[in-house]
Amino acid sequence: MATVLVTGGAGYIGSHACKALRNAGHVPVTFDNISTGWRDAVKFGPFEEGDLTDRARLDAVFAKHKPVAVMHFAALSQVGEAMQKPGLYWHNNVTGSLTLIEAAVAAGCRNFVFSSTCATYGDQDNVVLDETSAQMPVNSYGSSKRAIEEILRDFEVAEGLKHVIFRYFNVAGADPEGEVGEHHRPETHLIPVMLEAIDGTRPALTIYGTDYDTPDGTCIRDYVHVCDLVDAHVLGLDWLMAGKDSRVFNLGTGSGFSVREVIEQSRSVTNREVPYTEGPRRGGDCTRLVSGSTRAETELGWQPKRSTLPEMIGDAWRWHQTGHYDK
Ligand code: UDP
């Protein structure tokens with residue numbers, strides 16, 4: 001049993017991670033400023049409200065709970081916003097992470113699981129994206145995450161901070177038991193936006209660009225179920241607890257789906273029409289992001305169990321219809 005400080009534990013992925021940690025016998029302590037997360041989503045362990053840039057607050061939380069590891073999810077993560085407000089992304093994501101890393105090291109907590117992104121690879125045509133691929137982000141969301149990866153490497157050399165970095169592809173779905181799910185204000189991600197269009201909460205989904213160099217002209221992404229994704233984090237924690245070396249893992253299934261294919265699957269899963277319009281490209285979007293690595297399977301023993309489009313959309317749809325949070 002390990003006490004783990006989970007930053008962003010009130011958010012989409014962090015709340016699912018807390019459930020997976022609790023189910024594995026660990027104690028997840030959520031640290032969250034509730035700026036984009038939800039107090040109601042903290043259900044599986046203690047809650048400590050605070051901001052990552054508040055070093056004194058972090059020191060107090062480390063002293064109180066004495067976590068053996070940190071799982072760091074808290075971040076701003078919208079590509080569109082990142083293009084318009086790079087300063088916000090650099091300040092919040094990088095300064096916040098650096099403060100957290102310094103607080104962890106000062107408290108003697110030297111195991112760190114970091115939520116990074118395939119956006120660090122950028123737009124690379126005809127390149128198999130594995131963990132050794134070049135990192136050439138095209139938006140400040142990706143750049144900020146790449147910078148944090150570099151900070152972790154520097155702190156390993158200087159301070160012995162062991163880390164597991166997960167580069168996520170596109171996370172989707174919700175807890176099949178309906179305890180937690182995806183809820184952003186405003187919502188910007190493809191599947192929840194589409195579900196809002198299906199149930200009439202918004203007039204239509206806009207497809208961002210139909211002139212990409214893909215078979216149907218829309219962007220291709222590799223979707224992974226949030227429950228599979230957080231299972232990998234529990235394995236990453238085990239990896240660190242076993243004293244293994246710092247490591248980077250892609251988390252994707254290796255299968256890519258276009259925006260039009262996701263729309264088609266949603267029509268079939270929900271049995272409803274998907275109102276959509278075709279719009280211009282969104283700045284900062286890559287044409288194709290699909291993982292080309294099986295390292296997480298071979299080294300961590302990760303086995304995605306629910307990462308098919310029908311299961312991800314089905315779980316998200318059930319959550320969309322029944323689940324909700326208040327602050
Ligand atoms: N997308 C879209 N309309 C939307 C939201 C997203 O066409 O309202 C597209 C977006 O351009 C990208 C894909 O769906 O190609 C996934 O976008 P999302 O924001 O969900 O995740 P990202 O890939 O940016 O992390």
Side-chain angles (χ1 to χ4, degrees), residues 11-13 36 73 75-86 89 93 115-125 129 135 137-146 166-174 181-226 229 250-253 255-267 274-291 307 309 312-313 316-317 320:
Y12 171 42
I13 301 171
T36 58
F73 297 96
L76 296 174
S77 64
Q78 294 173 20
V79 168
E81 182 183 59
M83 293 301 286
Q84 287 155 9
K85 300 177 185 167
Y89 274 67
N93 291 357
S115 153
S116 189
T117 170
C118 63
T120 60
Y121 294 123
D123 215 356
Q124 304 187 44
D125 279 350
L129 297 177
Q135 290 179 286
V138 295
N139 55 60
S140 59
Y141 168 57
S143 326
S144 68
K145 291 284 186 171
R146 183 184 63 179
F166 288 116
R167 294 189 188 137
Y168 307 164
F169 284 73
N170 283 62
V171 189
E182 184 167 16
H183 193 188
H184 296 110
R185 283 276 181 274
E187 195 53 80
T188 65
H189 293 291
L190 177 63
I191 291 175
V193 164
M194 195 166 43
L195 298 179
E196 288 182 4
I198 290 174
D199 80 358
T201 315
R202 71 170 68 217
L205 163 77
T206 303
I207 300 181
Y208 294 142
T210 54
D211 60 347
Y212 283 96
D213 184 17
T214 60
D216 68 19
T218 64
C219 292
I220 292 177
R221 296 287 181 274
D222 178 341
Y223 294 87
V224 56
H225 196 295
V226 64
L229 186 98
N250 278 1
L251 291 179
T253 65
S255 299
F257 297 95
S258 72
V259 174
R260 289 195 201 281
E261 286 173 318
V262 175
I263 292 175
E264 197 45 51
Q265 281 288 336
S266 301
R267 198 194 316 274
V274 183
Y276 70 87
T277 58
E278 296 182 0
R281 293 183 179 198
R282 177 175 69 179
D285 272 342
C286 301
T287 305
R288 189 174 187 280
L289 284 169
V290 179
S291 177
S307 294
L309 271 189
M312 288 185 277
I313 296 167
W317 180 232
H320 184 77

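Bear in mind the structure is a predicted one, so any value in this text is a computation, not a measurement. As a basis for the values below, the full set of heavy atoms in this structure was taken, side chains included, without hydrogen atoms, waters or symmetry mates. First listed ligand is number 1; within each ligand, the first listed atom is number 1. Position 1 is the first residue of the sequence, and the numbers go up from there.
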Residue [X] vicinity, atoms of ligand 1 by number, heavy atom under 4.0 Å:
X      : result
Val79  : 24 (O)
Leu205 : 3 (N), 4 (C), 8 (O)
Asn170 : 16 (C), 21 (O), 22 (P), 23 (O), 25 (O)
Val193 : 8 (O)
Ile207 : 7 (O)
His189 : 18 (P), 19 (O), 20 (O), 21 (O)
Asp285 : 10 (C), 11 (O)

### Query
Regarding Arg281 and the six-membered ring of Tyr212, is the cationic atom NZ or CZ under 6.0 Å from the ring centre and inside 45° of its axis?
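Arg281 over Tyr212 ring: yes.
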Only heavy atoms count here, so choose which of [options] is nearest to [atom].
atom                    : options                        : value
atom 15 (O) of ligand 1 : Cys219, Ser77, Cys118          : Cys219
atom 5 (C) of ligand 1  : Thr188, Asp222, Val259         : Thr188
atom 3 (N) of ligand 1  : Thr218, Thr206, Asn139, Thr287 : Thr206

### Query
Under 3.5 Å, N or O to N or O, is Arg282 touching ligand 1 that way?
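For ligand 1, there is an N or O atom that lies under 3.5 Å from one belonging to Arg282.
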### Task
Please say whether Leu190 places an N or O atom under 3.5 Å from an N or O atom belonging to ligand 1.
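Indeed, backbone or side chain, Leu190 has an N or O that close.
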### Message
With heavy-atom distances below 4.5 Å as the criterion, would you say the side chains of Val259 and Tyr276 are in contact?
### Response
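No, side chains not in contact.
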#### Entry: Minimum-distance protein heavy atom relative to atom 4 (C) of ligand 1
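Answer for atom 4 (C) of ligand 1: Tyr208 CE1, 3.3 Å.
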### Task
Could you find the nearest protein heavy atom to atom 12 (C) of ligand 1 and give me its residue, atom name and distance?
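So the nearest neighbour among protein heavy atoms is Arg221 NH2, 3.9 Å.
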### Task
Quick one: list whatever passes ring-ring contact (aromatic ring centres under 6.0 Å, His included) with Tyr12, sequence neighbours left out.
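So Tyr12 forms a ring-ring contact (aromatic ring centres under 6.0 Å, His included) with His16.
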### Message
Rounded at 0.5 Å granularity, tell me how far CD in Gln84 sits from CG in Asn139.
### Response
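Nearest 0.5 Å value for the CD-CG distance: 12.0 Å.
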### Task
For Tyr89 and Ser140, work out which heavy atoms get closest and say how close.
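Where Tyr89 meets Ser140 most closely, the heavy atoms are CB-OG, 3.8 Å.
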### Message
Which residues pass the side-chain hydrogen bond (donor to acceptor under 3.5 Å, both in side chains) test with Thr210, not counting sequence neighbours?
### Response
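Partners of Thr210 by the side-chain hydrogen bond (donor to acceptor under 3.5 Å, both in side chains) criterion come out as none, since no residue qualifies.
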### Salt-bridge contact Arg260-Glu278 (side-chain N to carboxylate O under 4.0 Å)
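Yes, Arg260 and Glu278 are salt-bridged.
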### Task
Answer with yes or no whether the side chains of Asp222 and Tyr168 bring together a donor and an acceptor at under 3.5 Å.
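There is no such pair between these side chains.
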